[in-house]
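Values below: all heavy atoms of this structure, side chains included; hydrogens, waters and symmetry mates excluded. Index from 1, following the sequence. Just so you know, ligand 1 is whichever comes first in the structure, and atom 1 is the first atom listed for that ligand.
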Amino acid sequence: MRIILLGPPGAGKGTQAANIVEKYAIPHISTGDIFRKNIKEGTELGKKAKEYMDQGLLVPDELTCGLVADRISQDDCKNGFMLDGFPRNIAQAEQLDKYLSEAGTKLDKIVNIEVDKSILVGRAVGRRICKSCGATFHVEFNPTKVEGICDKCGAELHQRADDNEETVSKRIQVYLDETKPLVGYYNKQGIVADINGDQAIEKVFADIVDALGE
Ligand code: AP5
Ligand code: MG
């Protein structure tokens, strides 16, 4: 199964991705996570990506499309993959379609998680992520048993550099201007499943499974 998770910052893409990859046994490919790993490791790609991410802007396509094409050509993606945070504009979507058609495959479903703009900032600003295993929590909506400590592995939690109110607002605007038009783009292919993301995490997941099939 070849899936794209679409939705604004804080919609719950990463949260649902963890459940989806477990159920469907496909790799989770998050361009945001790949960039953050490169920033942590101090690579050239990380240095360039950070300039844009800190401002809430999209990293240029020439730094992004090639790395996704490389990743989905790897062996573990033969039977499918789930892209989280890619594509993010029409040009990226066109490049992905071109790559997949040359490889003789196509996308199966776009999971479009919809959440009203008014609750997105609170979701992102209250997010906490495990420094070790990457599990995602929220100080209010999905708290850990012990404050600041990961329920899954016991490591410390941290906050993403771009999860402050100003940068989140910019990211939401960039989503509306550049990424949301992808819903129309994929609707023309008839593969979009709209999911209400303003429900309990478990209910959102149940709706996604309904859309994807068992
Ligand atoms: P990226 O890492 O992709 O971030 P994003 O799209 O802004 O999305 P988030 O990760 O913030 O939100 P999410 O939907 O995953 O929400 P989550 O599940 O964590 O991109 C970051 C940056 O990298 C971009 O700004 C850009 O600069 C760059 N970049 C990445 N890809 C790129 C590309 N293709 N091209 C160019 N640039 C690119 O949930 C959020 C919080 O809400 C959590 O605390 C969670 O616990 C809570 N929550 C989740 N679901 C629920 C629920 N149902 N009810 C209550 N709380 C919930
Ligand atoms: Mg995410």
Open item on the list: Please check this pair: side chain of Q159 against backbone of V125, looking for a donor-acceptor N/O pair closer than 3.5 Å.
Closed with: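 Looks like yes, one N/O pair under 3.5 Å.
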Open item on the list: Check whether R123 reaches the backbone of A11 with its side chain - one donor and one acceptor, N or O, closer than 3.5 Å.
Closed with: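 Here the side-chain-to-backbone pair exists.
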Task: ring-ring contact (aromatic ring centres under 6.0 Å, His included) involving F141 - partner list, sequence neighbours excluded - done: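 Result, ring-ring contact (aromatic ring centres under 6.0 Å, His included) vs F141: H138.
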Does [X], backbone or side chain, put an N or O under 3.5 Å from an N or O of ligand 1?
| X | value |
| --- | --- |
| S30 | no |
| F141 | no |
| K13 | yes |

Task: Considering all heavy atoms, the nearest L63-L67 contact - done: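 The answer is O-CD2, 3.3 Å.
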Close-contact set for ligand 1 against [X] heavy atoms, below 4.0 Å:
| X | answer |
| --- | --- |
| T31 | 30 (C), 31 (N), 32 (C), 33 (C), 34 (N) |
| F86 | 34 (N) |
| H138 | 44 (O), 46 (O) |
| P8 | 14 (O) |
| R36 | 2 (O), 21 (C) |
| Q92 | 33 (C), 34 (N), 35 (N), 36 (C) |
| T15 | 17 (P), 18 (O), 39 (O), 45 (C), 49 (C) |

Regarding [atom]: of the candidates [options], which has the closest heavy atom?
| atom | options | answer |
| --- | --- | --- |
| atom 36 (C) of ligand 1 | D33, I201, N196, V59 | V59 |
| atom 27 (O) of ligand 1 | N142, L57, I34, I39 | L57 |
| atom 52 (C) of ligand 1 | R123, Q159, K50 | R123 |
| atom 1 (P) of ligand 1 | R88, M53, R171 | R88 |

So for [X], does at least one of its heavy atoms come nearer than 4.0 angstrom to any atom of ligand 1?
| X | answer |
| --- | --- |
| Q55 | no |
| G7 | no |
| G10 | yes |

Task: NZ/NE/NH1/NH2 to OD/OE distance under 4.0 Å, R171 and D163 - done: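 D163 and R171: salt-bridged.
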Task: Residues which pass side-chain contact (heavy atoms from CB on, under 4.5 Å) with K170, listed by chain and number, not counting sequence neighbours - done: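 Residues passing side-chain contact (heavy atoms from CB on, under 4.5 Å) with K170: L57, V174.
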